[in-house]
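Structure first, then comments.
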Amino acid sequence: MAALEGLEFGKSDFVLLDEVNIEQFMENLKLRFENAHIYTFIGEGVVSVNPYKQMDIYGKEDINAYRGRELYENPPHLYAVADAAYKAMKRRAKDTCIVVSGESGAGKTEASKYIMQYIAAITNPSQRAEVESVKNVLLKSNCVLEAFGNAKTNRNDNSSRFGKYMDINFNFNGNPTGGHINNYLLEKSRVVQQNGGERNFHSFYQLLRGGSDVMLKSLHLHNDPANYVYTREGAVTTTSNNDRSSHNAVLSALNVIGFSEEEIHSIYRILGTVLILGNLQFETDSESVRVVGMGDVSHIAELTSTEPDNVTKSLLYRTVATGDGEVIEKGHSEKEACFGRDAFTKALYERLFGWIVGRINAVIEVKDYNPVLHGKNTVIGVLDIYGFEIFDNNSFEQFCINYCNEKLQQLFIQLILCQEQDEYRREGIKWQHIDYFNNQIIVDLVEQPHKGIISVLDEACLSVGKVTDTVCLESMDAKLGQHPHYTSRKLTPSDKTMEFNRDFRIRHYAGDVTYSIEGFLDKNKDPLYQDFKRLMFNSSNPVMKEMWPDGQLSITEVTKRPLTAATLFKNSIVALVEKLGCKEPYYVRCIKPNDMKSPLLFDDARCQHQVAYLGLLENVRVRRAGFAYRQAYTRFLQRYKMTCVYTWPNHLMETDREAVEAIVTQHGFQDDVAYGHTKLFVRTPKSLFTLEQERAVLIPVLVLFLQKVWRGALARMRCQRMRAIFAIMGCYKRYKVKVHFWEVERRFANVCNMADYGKSVEWPTPPAALTQFHSITQKLHRRWRAWQMVKNIPQSDMGAVRAKVAALGALNGERKDWGCGRSWERDYLANVRDCHRSSSNFILFSQELRNKDEYNQVIFSGFCRKMNRFNKSTDRALLITDKHIYKLDPKKQFKVLKRLPLEVVTGLSVTAGVDQMVALHTSSQDDALLYIQRGELCPDQDRIGELVGTLIDHFTRSVATVRGVSGWPTVSRQVVLSCWPG
């Protein structure tokens, strides 16, 4: 840090002061403020001085500079503390909290917002949608809660008028999974009354100045805050807030969070109701009280979705039950009506605020969380609560706020001062005791049972009869008169700064505060007539009805007396302190440099007073004399044992302490540590950071080693499983093969004796390994079955069988009936039965032609019709021998019209129909188109198949015998390919 920040800016950590005294502390604080260095460390905490101006130190580059870095690596900043809390939560799975404290106007709210922004920026690097949604809701909730819970005071333009503690839940990856918001003591009295120069809550001014004309008209409002009693005081007050832009930001935030349009409209209807209620006036008419102007009553009824008569009745009458169960209506006096109206408006706003917080919690709560599946759920808490307040007129709210600060100071003392010194004593560490003021005596003054101020107030509220604030003050004087931190004008008559029967004074850790007892009892009892509760519960608006569940009780139902406001607040603060006490705390101590909100003025006396009551000097002394880090030997060894050769992977020493000493000695930190009975104490963070750096270097190596070992183990297990799988698969495959063979053997055992030789036997489905073998087996069976049928055919019929087989293969099922089932005569012209008139002439002619051309056999002959290119047909006879194809004229004694060598024929084409058309293709392109006539033997015979089969059979045998004949091996293929569609 010394290299990053020169000494001209002062010491960046108060622990580094040459001498720890108030003079040097204030000098260093002032020097850093004047040089715009508003943050200074005290160990792991940071002191923040409100700069009262925008500073360019919160951008993306600044976030990246602090992400994952140790505290002393960068100049002091809120981001450093936020990152330290996040790292502690992520590394050690330890719940942490960041306590932002200081008086009103010291910058607590802004500090908490920057902390939230930093945590949101460094998480979810993978940009998972569900995590981004949670982050957006957490960030946007600040905008909504500021609008409805903050107000301008004389000390602060954006003062939190409620306490807020937010828990952010993280998964094992360090990404936010949800959260929960607790709110404490909303200053609801501000709704009906503000001090001079102050404003009501921001939400009212944002609505009136930022709402659209349509919205304001629907709410029966005007855009001038001066028109309404509850906002008139703040209407002329200047503020740094832009109400119009803030209103738009709130609407956007409500939508992002998940509020429905109906819910958003209901919120602003309640705000409108509060403003109109404030303008209601009452007047006494004879003996009764009535509302002045019933128009506002109608508007209230419309906005609250209730009946105007019920609204009027609730404002003017109170329903009570007598002892015997009789219900009577008691009319209000004018004063009681005004009191009831103000109580109703305060309750309306308080319940609205509580409902908004509950609605946000319902959205951001951790859903479907299972520790077994999702790992440990860790938490970072951020506390932004009202600071210590001293006003000219301090009432019940300031009393509660200052009590809360006393409790937080007590927690700080216990964790930082008291517990730390006690731990040194328990662990046997040499230590020089540091004196500090323990404010337990002040806490007891307020909360001690039966004796404390809260107990006295509760007793007065529960007493029968008319108990006034003055009577309560007298009771406090009687019981607390001897307490050193309590006094009143009656106890010190010479102190004229207090009024008789009105004021009492408490000597807080932050200074003396004089409280006015007036209104204490009413605010503590927090009375609200049951009529208003029933009115709102009976609203037809479901959102408003949900806010008033206690309105369902009838007037005659006896209910337990509710706890007083002070007791409820005390219980919530005790629970808050217990919640903070079980987390590892990180502190942001905010200081207000002046009361003028000037970025240049540093009020020494004002700041010195804050330094004193915040206990910062004592904190510096404890940190300077103490140790920044302590850890049990077992946990320290578990985290850092890999950095030492004597402790990795396991040490052989007698105790864990000896193993820790070996780690410390190896790294040369002997002078920077102390050994307790059960813990190691490290004085400076630098030593710890050195260990963390070395551990960070070794972790990837160890991870790779573990990955290697584990991958090897996985590979071996996988190999063993694969071997077992293959063995099982092999056995199973062999079994399936055997089963298949057995089944085939069983089914085909008697096929020799079957008429169809097993054609009708269904083959079993083979296993995948036998698919190819199965097809071969089927083919073998078919060949065997064919042979069994063929071997009995006479040799004289084998030519016809071969021709039919050839035709079957060539036509390939293209022709439905091609003459397979009949006897093929081939030479139909010489057949007397087919051509009884001309057969004798053709026989003589063929004998002469055989002698002349010396052919051996007639392949096919028959009558046909020849078609020429002019589409003319003539009757002809076709004779095909083993050497030539003859076109004959049957009318002229079968005169040869054309002779073609059989070798020139390259193919033939037939149709897929029942016609007898055939085209003969030649190599000389002299193709012939013929129509084969069926003859007289059987008029419906199909002779195309016979022609095709005999030709293919002839040429197949010719090629097999004489290899020199070319062209005809393709004929059969051409026949197959040239089957015309019918």
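Everything numeric in this text was worked out from a predicted model, so none of it was measured.
Judged purely by atom type and a 3.5 angstrom limit, R341 uses its side chain to pair as donor or acceptor with the backbone of L280. Under a 3.5 Å cut-off, the side chain of E302 and the backbone N or O of H299 do not form any donor-acceptor pair. Not one N or O on the side chain of Y205 forms a donor-acceptor pair closer than 3.5 Å with the backbone of R244. A donor-acceptor contact shorter than 3.5 Å links the side chain of T231 to the backbone of P225. The closest donor-acceptor contact from the side chain of R199 to the backbone of R232 lies at 3.5 Å or more, if one exists at all. Between the side chain of R534 and the backbone N or O of G551 there is no donor-acceptor pair closer than 3.5 Å. Judged by distance alone, the side chain of K108 and the main-chain N or O of E103 form a donor-acceptor pair under 3.5 Å.
I360 places a side-chain heavy atom less than 4.5 Å from the side chain of L145. Contact of the R269 side chain with the H265 side chain is registered, since non-hydrogen atoms from C-beta on lie closer than 4.5 Å. H508 places a side-chain heavy atom less than 4.5 Å from the side chain of E406. The shortest distance between side-chain heavy atoms of S160 and D384 falls below 4.5 Å. Side chains of L208 and D243 form no contact here, defined as non-hydrogen atoms less than 4.5 Å apart. Under the 4.5 Å side-chain criterion, counting only non-hydrogen atoms from C-beta, C590 is not in contact with N50. Taking 4.5 Å as the limit, every side-chain heavy atom of F148 sits out of range of all side-chain heavy atoms of L186.
Between T319 and Y529, the side chains place no donor N or O within less than 3.5 Å of an acceptor N or O (distance only, hydrogens not considered). Between the side chains of Y230 and D342, at least one donor N or O sits under 3.5 Å from an acceptor N or O. For the 3.5 Å distance criterion, the side chains of T564 and D458 qualify, holding a donor opposite an acceptor. Of the N and O atoms on the side chains of S189 and E397, at least one donor lies less than 3.5 Å from an acceptor on the other residue. In this model, a donor atom of one side chain and an acceptor atom of the other lie less than 3.5 Å apart for Y515 and N402. A donor-acceptor pair shorter than 3.5 Å can be found between the side chains of H202 and N158. There is no side-chain donor-acceptor pair under 3.5 Å between T514 and D503. Side-chain contact check for D167 and Y165: at least one donor-acceptor pair (N or O, by modelled atom type) lies under 3.5 Å.
Note that the CZ atom of R161 and the CZ atom of R190 stand 5.0 Å from one another [nearest 0.5 Å].
Annotation for E365: atom CD counts as buried by contact number, over 12 foreign heavy atoms lying within 6.0 Å. Atom CD of Q193 has 12 or fewer neighbouring heavy atoms from other residues, nucleotides or ligands inside a 6.0 Å radius.
A cation-pi arrangement is absent between K597 and Y52 under the rule of less than 6.0 angstrom and at most 45 degrees off the ring axis. For the pair R290 and F282, the NZ or CZ position fails the cation-pi test of under 6.0 Å to the six-membered ring centre and within 45 degrees of the ring normal.
One finds a salt bridge joining K113 and E146 here, because a Lys/Arg side-chain nitrogen approaches an Asp/Glu carboxylate oxygen to under 4.0 Å. No salt bridge links D512 with R505; every basic N to acidic carboxylate O contact stays at or beyond 4.0 Å. The pair E263-R359 meets the salt-bridge criterion, with a side-chain N (NZ, NE, NH1 or NH2) lying under 4.0 Å from an Asp/Glu carboxylate O.
The minimum heavy-atom distance between R351 and P549, with the atom names listed, is NH1-CD, 4.3 Å. Across all their heavy atoms, L207 and L216 have their closest contact at O-CD2, 3.6 Å. Taking both residues in full, the closest heavy atoms of V471 and V467 are given as CG1-CG1, 4.1 Å, listed atom of the first, atom of the second, then distance. The minimum heavy-atom distance between L473 and N501, with the atom names listed, is CD2-C, 3.5 Å.
Taking F259 as the reference, W355 meet the ring pair (Phe, Tyr, Trp, His ring centres under 6.0 Å) condition, with sequence neighbours excluded. Remark: K313 pairs with Y317, E329 by the side chain to side chain contact (heavy atoms under 4.5 Å, CB included) rule, at least two apart or across chains. In terms of the side chain to side chain contact (heavy atoms under 4.5 Å, CB included) criterion, residue partners of T273 (sequence neighbours excluded) are, by chain and number, L277, I300, L303, T304, L348.
Ring pair Y349/F201: centre-to-centre distance below 6.0 Å.
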